[in-house]
J.: 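Okay, here's the structure, questions in a sec.
Just so it is clear: chains get the letters A, B, ... in the order the sequence lines come, proteins before strands, and each one is counted from 1.
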There are 2 protein chains.
Amino acid sequence: MADVLRLLTRAQKLVSTASDDAMRPHGVRIGQNLILEVLWDEDELTPGELARRLHLAPPTIVKTTTRMEAAGLLERIPDPLDGRLVRLRLTAHGRACQTPIQEARRLLAERATADLTAEERAVLEVALQKIIDAMSEQQ
Amino acid sequence: MADVLRLLTRAQKLVSTASDDAMRPHGVRIGQNLILEVLWDEDELTPGELARRLHLAPPTIVKTTTRMEAAGLLERIPDPLDGRLVRLRLTAHGRACQTPIQEARRLLAERATADLTAEERAVLEVALQKIIDAMSEQQ
DNA sequence: ACCATTTCATTAGCAGGCTATCGATTGGGG
DNA sequence: CCCCAATCGATAGCCTGCTAATGAAATGGT
């Protein structure tokens, strides 16, 4: 009996590597496109809010957004009402790469799941969600 | 329509985190148990051979095994026939933790897939394998 | 027998994750 | 009003992964 968790790990790693390869030509690295996708939908979020939405630790967001700031994708704006908060605002460049990056991501998803039947795709979705639920329970 | 790749990423991350938590009490970190499992099956492999079997880059193996050597899990032995090669040999300690670690891993796999029906499990396996195959094709 | 190519392990340097800690600001209770 | 707790971003330090470059050893062709 094959180890489902190993297949899961291997599949995710291959997808992740391919995703990085797909994003690179657009000057964006693998975790960065996730941050961009959230900000494209809602700009000027704080690092903490981004961390919650992406299920990442705040320092991960801070480090990555610092690099993204250096790359000219976004800028840090102090919140006028709360001195503790920082707003991450997309630059024109950060907004400009939305279309090509989303298209690259769409192509990747298409390629990855091209050989799956509709039923397999549906069951895969359900099964992954069940795993996520099981692992999200405390303990 | 939900993004299957996001579910895949999220499921893998949760499993990976839980795996790390499960391994930690045994003094082993997340990537290290994979190396151990290969060596339990066949000892005294070289870093390059391990890298091929685990689909990792050689420097990753070198760095991790260096830490494992410091932790007393294995030792480096020069190959008597080929001066370029290094053999990674498990210590008594590295062999001793096999049972508890495999048990922890088994429990984790059980917990992760507990809510899946037999059919869902089977389809999940097939679907993940198809994704792996699709992403393994060059380009 | 020599020299160039290949094949290894290793090192250096980077990105993406994490936890623990620090410092500053906000907010609430006395 | 003031101080203490909560909240937030940033920093330090760790592990895992990668590519590129280094250096040593083996191999093969001439």
J.: Using atom CD1 of B:I77 as one end and atom C1' of C:dA9 as the other, report the distance to the nearest whole Å.
T.: 15 Å

J.: Select from A:D82 and A:G31 the residue whose nearest nucleotide in DNA chain C is closer to the 5' end of that strand.
T.: A:G31

J.: Decide yes or no on side-chain hydrogen bond (donor to acceptor under 3.5 Å, both in side chains) for B:T65 and B:R76, but give the supporting numbers first.
T.: CA-CA 9 Å; B:T65 53; B:R76 282 181 157 73; 2.9 Å; yes

J.: To the nearest Å, give me how far apart CG (B:L81) and C1' (C:dC8) are.
T.: 15 Å

J.: For A:T91 and A:E75, what are the C-alpha separation, side-chain angles and deciding distance, and is it a side-chain hydrogen bond (donor to acceptor under 3.5 Å, both in side chains)?
T.: CA-CA 7 Å; A:T91 60; A:E75 49 191 355; over 6 Å; no

J.: A:R24 has an atom CZ; how far is it from atom P of D:dT19, in whole Å?
T.: 8 Å

J.: Does D:dT16 have its OP1 or OP2 closer than 4.0 Å to a side-chain nitrogen or oxygen of B:Q32?
T.: yes

J.: Tell me: NZ of B:K13 to C1' of D:dT16, nearest whole Å?
T.: 14 Å

J.: Take atom CG of B:D79 and atom C1' of C:dC8, then tell me their distance rounded to the nearest Å.
T.: 11 Å

J.: With a 4.5 Å heavy-atom cut-off, do B:L73 and B:L90 have their side chains touching?
T.: no

J.: Pick base, sugar-phosphate or nothing for A:R87, based on heavy-atom distances below 4.0 Å to the nucleic acid.
T.: nothing

J.: Rounded to the nearest Å, what distance is computed from the CZ atom of residue A:R29 to the C1' atom of nucleotide C:dG16?
T.: 9 Å

J.: Are B:M23 and B:W40 in one and the same hydrophobic cluster, where Ile, Leu, Val, Met, Phe, Trp and Tyr link if side-chain heavy atoms are under 4.5 Å apart?
T.: yes

J.: Quick one: is C:dT10 close enough that its OP1 or OP2 comes under 4.0 Å of any side-chain N or O from B:R76?
T.: yes

J.: Please report, rounded to the nearest Å, how far the C1' atom of C:dG27 is from the CG atom of A:L85.
T.: 13 Å

J.: Output the single nucleotide from C:dA9, C:dA24, D:dG9 whose closest atom is nearest the side chain of A:R84.
T.: C:dA24

J.: Taking NZ, NE, NH1 and NH2 as the nitrogens, is one of them in A:R87 or A:D79 under 4.0 Å from a carboxylate oxygen of the other?
T.: yes

J.: Would you jot down, in residue-number order, the residues of residues 46-70 of chain A having a non-hydrogen atom under 4.0 Å from DNA chain C?
T.: A:H55, A:L56, A:A57, A:P59, A:T60, A:K63, A:R67

J.: Inspect the contact between B:R53 and B:E37 and indicate whether a charged nitrogen and a carboxylate oxygen are less than 4.0 angstrom apart.
T.: no

J.: To the nearest 0.5 Å, what is the distance between CD1 on A:I131 and CG on A:L5?
T.: 7.0 Å

J.: Could you state the atom-to-atom distance from CG of B:D21 to P of D:dC15 in whole Å?
T.: 16 Å

